[in-house]
Amino acid sequence: MTGTLLKIEGLTKAYPGVVANDTVSFAIAEGEVHALLGENGAGKSTLVKMIYGLVKPDSGTMTLRGAPYTPSEPRAARAAGVAMVFQHFSLFEALNVAENIALGMENPPKMRDLAARITAVSHDYGLPLDPHRLVGDLSAGERQRVEIIRCLLQSPRLLIMDEPTSVLTPQEVDILFQTLNKLRAEGVSILYISHKLEEIRTLCDSATILRLGKNVGTCVPRETSARDMAEMMVGSALHVPERAHGDTGEVLLEVSGLTNAAPSEFGTALKDISFTVRAGEVLGIGGVAGNGQDELLAALSGETRGAAETVKLKGEAVGRLGPDARRIKGLLCAPEERLGHAAAPDMSLTENALLTGARREGLVSGGFLKWGAARRFAEKVIEAFDVRTPGPDNAARSLSGGNLQKFVIGREVLQRPEILVVNQPTWGVDASAAAAIRQALLDLAAKGAAVICISQDLDELMEISDRFGALNEGRLTPLRPAQGLTVEDIGLMMGGAQDMEVAHV
Amino acid sequence: MDLSAINPFLLLCAILVSATPLLFAAVGELVVEKSGVLNLGVEGMMITGAICGFAISVNTGSPWMGLLAAAGGGAVLSLLFALLTQVAMANQVASGLSLTLFGLGLSALIGQGYQGIKPPEFPTFGVVVAEATAERAALVARLDILVFAAIALTAAVWAFLKYSRAGLILRAVGESHDAAHALGYKVVRIRVLAILFGGACAGLGGAYISLIRVPQWTEGMTAGIGWIALALVVFANWKPWRALLGAWLFGGVNVLQLNLQAAGVDIPAEYLGMAPYVITIIALVIMSSDRSGAPASIGRPFHASS
């Protein structure tokens, strides 16, 4: 660690109604892995967008190696040696790996030379990639490699990574960390954003913590406990979900021999999935994204229908019934995609509450909507789940991701489901909100409901599930009791990192 | 009926001529759609190009000026579409439909007073198909430079999309505008340029009808070719060479049915007249089983802040 690479002083950015960054200052040394911590909406994304030239600061200065640094666009940032791996991948599914990488470079070489360089660099850093594969056919981990290789080919001085591990298996995380350590040894600085505090403790040299757009402190992650860091982010003591171990009851949901063809070109087919869930039990289903999670949820919710006997609700065959009929019988679902699947983005929260709650909450009568009751239901969800919004008349799109997630989960939980299926219930949600959502799921199970939690967050699954299984290429592994499972066990159940190379052939 | 009166080589030349306006419009629209924009105003831009080209050609006496004006006219009309959809964020389907209606009305207005006039002749070259014999005069097929220009344009667009960096960026914008924006590409600027190119091509296609193929001005003379061009792009799976095949098929059936009518086949003329449209659509539907070429962001509005 020789000198300071990037120095940020008094950076401020305000949007109408909210100050995203308020006089933020910190510095990144050369060859340092610097963590940026904060809850959702703390201003991390805005800050890195300013460093990458996507957003212009209102005031404040940035200095890169002693020279003023004011990138007007990402091109200028890349030219100055700043590269970024995005949280939501900035990849093009219908183009191949080499084309995707060429798009992120200033002066790409000829396609043939580029392909050779991609192969060479990707092997040097332990991230093998075939330059001619279509990105649409790659797993999430491989897609991230594409982004990383795209950055590495430009020999960056500063690499910004926004939540890079949220979609990876434990083994892939190990590989990524080896790569990052190698980069650090070469003198590259890394600005690392993550919600996973244990990762930050193993990887990062220093950390800056943002709360409500302000820099509220720095720490050395190795010498600080995860709990202390979380409390610095939240600004108050953190509530850890508690579970009351009740007895499990009768079998509420039985799935047997569920086989469905892939719904689309880039989808996954479900292959002979069988399991049962009992009352009072939380079943955790892990797996790397794109191994059948969305398809499984769709098959359980009734969006895709199959043979009647494949899904049984308290002994009754419901495989042919649609979502509404299953809802009436007590099977509720909260899908992963918040905008567009779980909620209609441009409709108000009241209308969104109506969309799934109409039957069970009696919000319609004789084909007419009961607006008063719908509004009261939406208000109940907002209050019970601490959804931060001016009121139920606001459009779903206007809520931050974490707040909308609380609303979507709360809406189903408050309908007193007998079986609740959730997919990625805390994706992109900050620590305190995630804890609240997990607590709600545990409380629901304690009251005698069966909960199926599909998630890629292993810590979350270990925290709440009684039994655990993993989806791999549309197949479900045998279920095992969650207690006593190690991270390695789970990684192997998920298919590990090596298998992924051959998984798509 | 006398099918022996149909000479195969003459027929081929006629097919090339008949396919040219459709090919111009389709290749232009293909580029627009590859950038992620759906412009349903092709018919309107074609007819506007047809009258702009015709009027300027008549007034200046130069068919070349006419072609230039046709491309310009189509591009100006498409600029209106670009302003509505890319700047004012209007709905692309509604804007495109109204562009067609607007173009049809505007061309009728400009075209008043141009009916029944003959435009200056466009330079063509004759290809002698059969020498004169004792019974009849020599058969001469007339071709023109634009027939080959349209084919060259198809090749150029194919190479541009497949091999050039600018073409890669254009496809990327059509595939995911959010990702392209995150990488720092100017989504709106690229789309506006693509829309202008599409407008100019449609205008040229229209002028080919009014200046060369017919050649005179009648209201609504593009007769739905703009709509066929739109269908052609989709069914050709956004691939230029397939669009060329589709255009030739349409031109072929069109010429064939005209020849059959002339030969006095005992089928009502209305059925023969609709044959090119029906057969082209059916053939293209069969051809288009895979949709791998479809731009994922087509028709979706882009706003930088979202």
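In the text below, chain A, chain B and the rest are named by the order of the sequence lines, each starting its count at 1. Note that the structure is a prediction, hence the values are computed from the model and not measured.
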Does any donor atom in the side chain of B:Gln92 or B:Ser95 lie under 3.5 Å from an acceptor atom in the other side chain?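 No, because no side-chain N or O of B:Gln92 sits under 3.5 Å from a partner of the opposite role on B:Ser95.
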Would you find a donor on one side and an acceptor on the other, under 3.5 Å apart, between the side chain of [X] and the backbone of [Y]?
X	Y	result
A:Asn352	A:Ala344	yes
A:Asn21	A:Leu11	no
B:Thr222	B:Ile225	no

Between B:Ala182 and chain A, which part of the residue has a heavy atom less than 4.5 Å away: side chain, backbone, both or neither?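 Backbone plus side chain of B:Ala182, per the 4.5 Å heavy-atom cut-off to chain A.
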Report which part of [X] has an atom under 4.5 Å of a heavy atom belonging to chain B: side chain, backbone, both, or neither.
X	answer
A:Leu54	side chain
A:Arg150	side chain
A:Glu99	both

Which one, A:Met111, A:Arg397, A:Arg78, leads in non-hydrogen pairs under 4.5 Å with chain B? A:Arg78
Among B:Ala296, B:Ala180, B:Ala172, single out the residue with the greatest number of heavy-atom pairs under 4.5 Å to chain A. B:Ala172
Shortest non-hydrogen contact from A:Phe92 to B:Ser176? CE2-O, 3.3 Å
